[in-house]
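So the structure is just underneath, and the comments pick up after that.
For reference, positions follow the sequence shown, starting with 1.
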Amino acid sequence: MLHIYCPHCGEHREQEEFHPAGEAHIKRPLDPSACTDEEWGDYLFFRKNPRGLHHELWVHAVGCRKFFNVTRHTVTYEILETYKVGEQPKFTDAVTGAAS
């Protein structure tokens with residue numbers, strides 16, 4: 001079982017209190033009405049599924065009910081950090097140096 005630190009509550013809790021909500025740091029198109037159907041479909045449905053470091057959006061569903069981001073290794077399930085939405089991750093992709 002994972003123990004996840006909520007950056008809002010300031011406590012480590014069991015994973016049963018949390019729910020993953022998908023990939024973090026997804027940028028919404030500035031003008032959705034100017035997007036092609038293909039571009040809009042890519043934004044809505046296509047997500048990265050990397051092997052290694054991944055930035056995910058989670059919600060503390062049973063606690064404070066706030067969203068936050070998690071940097072997790074998808075092979076080992078190790079959680080490297082949690083941070084509030086709007087903040088930047090400390091851990092980035094080792095290959096590109098950018099947030100994954």
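- Other residues, nucleotides and ligands place no more than 12 heavy atoms under 6.0 Å from the CG atom of L30.
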Could you go through residues 60-68 and list every donor-acceptor pair under 3.5 Å that involves a side-chain atom there, pairing it with any protein atom two or more places apart or in another chain?
residue	atom	partner	partner atom	Å
H60	NE2	E17	OE1	2.7
R65	NH1	A61	O	3.3

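- Here D31 pairs with S33, A34 under the side-chain contact (heavy atoms from CB on, under 4.5 Å) rule; sequence neighbours left out.
- Side-chain contact between H8 and K84: present, with at least one pair of heavy atoms (C-beta onward) separated by less than 4.5 Å.
- The closest side-chain heavy-atom distance from W58 to N69 is not below 4.5 Å.
- Looking at R13, its side chain never comes within 3.5 Å of a backbone N or O of C9 through a donor-acceptor pair.
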Derivation and outcome, side chain to side chain contact (heavy atoms under 4.5 Å, CB included), residues H25 and L57: CA-CA 8 Å; H25 307 289; L57 183 65; over 6 Å; no
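- Here E14 pairs with nothing under the salt bridge (Lys or Arg N to Asp or Glu O under 4.0 Å) rule; sequence neighbours left out.
- Nearest approach of P7 to T82, heavy atoms of both residues: CD-OG1, 3.9 Å.
- Using a 4.5 Å heavy-atom cutoff, the side chains of T92 and L53 are not in contact.
- Note that CZ of R28 is 12.0 Å distant from CD1 of I26, once rounded to the nearest 0.5 Å.
- Note on E81 versus K90: no salt bridge recorded, every NZ/NE/NH1/NH2 to OD/OE distance being 4.0 Å or above.
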Assess the residue pair E23 and H54 against the criterion (side chain to side chain contact (heavy atoms under 4.5 Å, CB included)); give the C-alpha distance rounded to whole Å, side-chain angles, the decisive distance to 0.1 Å, and a yes or no. CA-CA 8 Å; E23 185 179 334; H54 187 49; 3.8 Å; yes
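- Between F46 and G41, the shortest heavy-atom distance links the atoms CD1-O, 3.9 Å.
- Contact record, Y77 with R72: CD2-NH1, 3.1 Å, taken as the closest heavy-atom pair.
- Contact check for V75 versus R51: side-chain heavy atoms found under the 4.5 Å cut-off.
- Checked by atom type, the side-chain pair H55/T71 shows a donor-acceptor distance below 3.5 Å.
- Residue K48 holds its NZ atom at 13.0 Å from OG1 of T74, rounded to the nearest 0.5 Å.
- Counting heavy atoms from C-beta on, the side chains of F18 and L2 never come closer than 4.5 Å.
- Criterion: ILVMFWY side-chain heavy atoms under 4.5 Å apart, direct or through other members. Under it, V59 and V85 are part of a common hydrophobic cluster.
- In this model, no donor atom of one side chain and acceptor atom of the other lie less than 3.5 Å apart for E38 and W40.
- To the nearest 0.5 Å, atoms OG1 (T36) and CG (D42) are separated by 7.5 Å.
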